There are 2 protein chains.
Amino acid sequence: MNTVARSSDADISAHDRVYRTLRTRIMHGEIPPGAALTLRGIGKEFDVSMTPAREAVRRLVAEGALFLSSSGRVSTPELSNDRIEELAALRALLEVELASRALPRAHIALIDRLNTINMTVAEMVSKRDAVGYIRTNLEFHRTLYLRAQAPAMLAMAETVWLQLGPTMRALYGRLRRTEPPNNHRLIISALKAGDEPGLRLAVRSDVTQGLRLLAG
Amino acid sequence: MNTVARSSDADISAHDRVYRTLRTRIMHGEIPPGAALTLRGIGKEFDVSMTPAREAVRRLVAEGALFLSSSGRVSTPELSNDRIEELAALRALLEVELASRALPRAHIALIDRLNTINMTVAEMVSKRDAVGYIRTNLEFHRTLYLRAQAPAMLAMAETVWLQLGPTMRALYGRLRRTEPPNNHRLIISALKAGDEPGLRLAVRSDVTQGLRLLAG
DNA sequence: TGCCCGCATATGTGATCACATGGGAACATG
DNA sequence: CATGTTCCCATGTGATCACATATGCGGGCA
């Protein structure tokens, strides 16, 4: 089977399909930290040869989504506390700016959509669905930041999410909280009121809260 | 020649050698915007097959250093003004934070090194050596930011430098200025004085100045 | 029983090949 | 001379193979 870019499968290249699927899995916390991946295993799962599997893995390594050992083996990263704190600081830096830029463009339709997404987030929390929570929580943030019209900045924020994916699964998995997200309501309120300082504070709190309780 | 990881060449893998070389070229502005690259051409230059060339290129595309057309051809990016402004804003955001974190650790030895580097920067400016200027200017910034002990943040800043590499070459090439970098002296002064607000302002000015004069 | 050594194999790396396709030059046409 | 068309080849994609080596397991030895 030497078929290249077959017109089924939406005309997408093989390595891109593999890349996108793995990226989503990692970002949403579907893979725990430290899990090993093999090129032949990936190839077998996606029914492709090692070549596209290698390209997808290389790309994910470049984005910090996967860790490459000195012998070339790949696995999801196991982040140190220092690294987690640094990534949290990066989230704060980037996302506060993104929210601030989105504020003047945040009309009522956006706020409605954020409210709807936030209800799904609360549902995931009550169901203790860690992966669902991470996915909808990121959807909440991305929906807001898309309004900032700053694609490079959003891409950087998503890269940070990607790096934190497996760790977030581990953290929220052991967290066991049931309260719906209070900071999200603060974000929506600040958007409604056009309150920029309040928005910056709410985003910063939302982004850094879950990562503070590590310390072990 | 099927030799894998031959012990000469510092035991570094072929794709890594290609990657590092291309990355440095791009970041230092040795390649103009819109220049096309081919896998076979890269392979021929580095005396490797297409495989490591592809991996290196993929990685650089993932970092935004190269642009991948819809048909798979790769070239250095030609950035829009909006994109340049956004990347400048990212530089400001990240590098102000890095400088601020480096400030409490900036002892006299560091300031001496920065002064030395800055003399080389001035020399490059007087020689109108665009590539040399970009290289030493980035060395100035990296030397300072290394003190921040924030590797993820520094990596992000370097990714932004990488994306701006070819564009910086084009901008400074048409700039033709001869004044030595004044903002660098302001940065050093603020470091000596332990003046954090002054440092933040100086870094922000230094980072955003050269990119303001585009507007066409 | 615990530890170390060796071997089999799983795994990554790089080369090479077959193939589809897009880009650009050469040519034709108005 | 300008513009559209055709065709060839340069180029990217993916599969497969050969090879070096790290990993991990099993057996032997203290």
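Values below: all heavy atoms of this structure, side chains included; hydrogens, waters and symmetry mates excluded. None of these values were measured; they are calculated from a predicted model. Protein chains get the first letters and strands the later ones, always in sequence-line order, with residue 1 at the start of each.
Counted by atom type alone, B:H107 and B:R147 present zero donor-acceptor pairs between their side chains at under 3.5 Å. B:R200 and B:S100 form a side-chain donor-acceptor contact under 3.5 Å, judged by distance and modelled atom types alone.
Between A:R58 and the phosphate of C:dT13, there is a side-chain N or O to OP1/OP2 separation shorter than 4.0 Å. Here B:H15 does not reach the OP1 or OP2 of C:dT13: none of its side-chain N or O atoms lies under 4.0 Å away.
The residue among B:S49 and B:R40 whose nearest nucleotide of DNA chain C is located toward the 5' end is B:S49. If A:T51 and B:G41 are placed on DNA chain D by their nearest nucleotide, the residue sitting closer to the 5' end is B:G41.
Residue contacts shown for B:T38 are limited to sugar-phosphate atoms, with no base heavy atom under 4.0 Å away. Heavy atoms of A:L37 sit under 4.0 angstrom from primed sugar atoms or phosphate atoms, though from no base atom.
Within a heavy-atom distance below 4.0 Å of DNA chain C, the residues of residues 63-71 of chain B found are B:S71.
The separation between A:R73 atom CZ and D:dG24 atom C1' is 10 Å, rounded to whole Å. Going from atom CG of A:L39 over to atom P of D:dG14 covers 15 Å, rounded to whole Å. Atom-to-atom, OH of B:Y19 to C1' of C:dT13 comes out at 18 Å; the value is rounded to the nearest Å. Between A:M50 atom CE and C:dT11 atom C1' there is a gap of 7 Å when expressed in whole angstrom units.
Without hydrogens or angle criteria, B:T76 side chain to B:G34 main chain gives a donor-acceptor distance under 3.5 Å.
Across all their heavy atoms, A:A152 and B:E86 have their closest contact at N-OE2, 2.7 Å.
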Exercise for review: Start with the C-alpha gap between A:E95 and A:Y145, add the side-chain angles, then the distance that decides, and say whether side-chain hydrogen bond (donor to acceptor under 3.5 Å, both in side chains) holds.
Suggested key: CA-CA 8 Å; A:E95 298 190 28; A:Y145 304 150; 2.6 Å; yes
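The shortest distance between side-chain heavy atoms of B:L22 and B:F46 falls below 4.5 Å.
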